[in-house]
Number of protein chains: 2
Amino acid sequence: MNNNSYCVVKMKKGLNQICYKFFSCLSNPTRLAAIEKLIQKPMSVNEIANALGEEQSMISHNLKPLLECNLITSNRHGKKRIYSLNTETMEALFKIVKNHAKKYCPKGGKCLIKED
Amino acid sequence: MNNNSYCVVKMKKGLNQICYKFFSCLSNPTRLAAIEKLIQKPMSVNEIANALGEEQSMISHNLKPLLECNLITSNRHGKKRIYSLNTETMEALFKIVKNHAKKYCPKGGKCLIKED
DNA sequence: ACACAATATGAATTATTATTCATATGTAAT
DNA sequence: ATTACATATGAATAATAATTCATATTGTGT
């Protein structure tokens, strides 16, 4: 999955190579829930796990791809490792998604299937 | 998967419900490749399939979630159904991803794993 | 150096998602 | 109404990703 501190995605071409891992990070309920917690404030793995009622190791596994894609960062604080959201990218991203949803998902969270 | 023209995602809460399907659509090499083709110009299923060297039915299957999320639209033109990109959303999105990649993926398409 | 706390890792299992192939549906022209 | 072209659908299989659980690692304070 990575060749020495770089992660290379096997990909067909172009756009894909950059985008696939990026969007994959975000297309997972657990990771989205973790991100949602990190919007509030930086947290440790255990804090996120407790807040979500999930196992510590599961959260740890899930934070990894987010870190690799730099959607979150981490640094030590005493014996804890604190994870923070990359707010620059994430806020810009959510702004677009929310805008899109407002336009196309009138029933709050459900996507309208448009017919032509 | 959908209850009568609406698709409902089973989801833990909040942000997730809106975001999960959105990002899921985009975290797939085939769909990203199809989108890349549609950036150039609107196309039919067969045109996309030929351009990518893939089966027609596979592309058809893959366009469906993009349609449901309104990331593409479609309309008939004679016997063909022409698919077009929702450029408003997609261009804004790619702009963010490219910007993020420029900042964090110095080796063009490979993601730098940051150590602290 | 030791013990503890916090987090990470690996590998097996389970769950989810993609692809394929056969076939159905729809459309337009003759 | 029949044919041919274009696309969609369903269901089986294959591929990929997520979760779990046991355990390893790493850092901290004593």
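Chain identifiers are assigned alphabetically (A, B, ...) following the order of the sequence lines, protein sequences preceding nucleic acid strands; residue numbering begins at 1 within each chain. Just so it is clear, the values below take in all heavy atoms, side chains as well, and ignore hydrogens, waters and symmetry mates.
The residue among Ser27(A) and Lys79(A) whose nearest nucleotide of DNA chain C is located toward the 5' end is Lys79(A). Mapping Gly78(A) and Glu55(A) onto DNA chain D by nearest heavy atom places Glu55(A) closer to the 5' end of the strand.
Side chain of Ser60(B) to backbone of Gln56(B): no donor-acceptor contact under 3.5 angstrom is found. For His77(B) (side chain) and Ser44(B) (main-chain N/O), no donor-acceptor pair under 3.5 Å exists by modelled atom type. A donor-acceptor pair is defined here as one N or O able to donate and one able to accept, closer than 3.5 Å; no such pair exists between the side chain of Asn99(B) and the backbone of Lys95(B).
For the pair Asn46(A) CG and dT7(C) P, the computed distance is 5 Å after rounding to whole Å. Protein atom NZ of Lys80(B) is 17 Å distant from nucleotide atom C1' of dA8(D), rounded to whole Å. Rounded to whole Å, atom P of dA6(C) lies 14 Å from atom OH of Tyr83(A). Rounded to an integer number of Å, the gap from Phe23(A) CZ to dT17(C) P is 17 Å. Between the CD1 atom of Ile48(B) and the C1' atom of dA6(D) there is a distance of 13 Å, given to the nearest Å. Protein atom CZ of Arg81(B) is 8 Å distant from nucleotide atom P of dT27(C), rounded to whole Å. Counting to the nearest Å, the C1' atom of dA6(C) and the CG atom of Leu63(A) are 13 Å from each other. Rounding to whole angstrom units, NZ of residue Lys64(A) and P of dT19(D) are separated by 15 Å.
In this structure, Asn50(B) and Met43(B) have side chains that are not in contact, with every pair of non-hydrogen atoms separated by 4.5 Å or more. For the pair Asn86(B) and Tyr104(A), the minimum side-chain heavy-atom distance is below 4.5 Å.
OP1 or OP2 of dT7(D) lies within a sub-4.0 Å distance of a side-chain N or O belonging to Ser44(B). Note on Thr30(B): a side-chain N or O is less than 4.0 Å away from OP1 or OP2 of dT19(C). The phosphate of dT17(C) has neither OP1 nor OP2 within less than 4.0 Å of any side-chain N or O from Asn28(B).
Atom CD1 of Ile72(B) sits about 12.5 Å away from atom NZ of Lys64(B), to the nearest 0.5 Å. The structure places CE of Met58(A) at 8.5 Å from CG of Leu52(A), a figure rounded to the nearest 0.5 Å.
Set against dA8(D), dG27(D), dA17(D), the side chain of Tyr20(A) has dA17(D) as its closest nucleotide. Checked against dG26(C), dT19(C), dT9(D), the side chain of Arg76(B) finds its nearest nucleotide in dG26(C). Closest to the Met58(A) side chain, of the nucleotides dT20(D), dT16(D), dA8(C), is dT20(D).
A donor-acceptor contact under 3.5 angstrom links the side-chain atoms of His61(A) to the base of dT20(D). Side chain Gln56(A) to base dA6(C): no donor-acceptor pair is found below 3.5 Å.
Defining each end axis of the helix from dA1(C)-dT30(D) to dT30(C)-dA1(D) as the rotation carrying four pairs' C1' atoms onto the next four, with five pairs an end, the two axes are found to diverge by 30° to 10 degrees.
Using the six-membered ring where Trp is involved, His100(A) and Phe22(B) have ring planes that are perpendicular, over 60° apart on the 30 and 60° scheme.
Within 4.0 Å of Ser57(B), counting heavy atoms only, lies at least one base atom of the nucleic acid.
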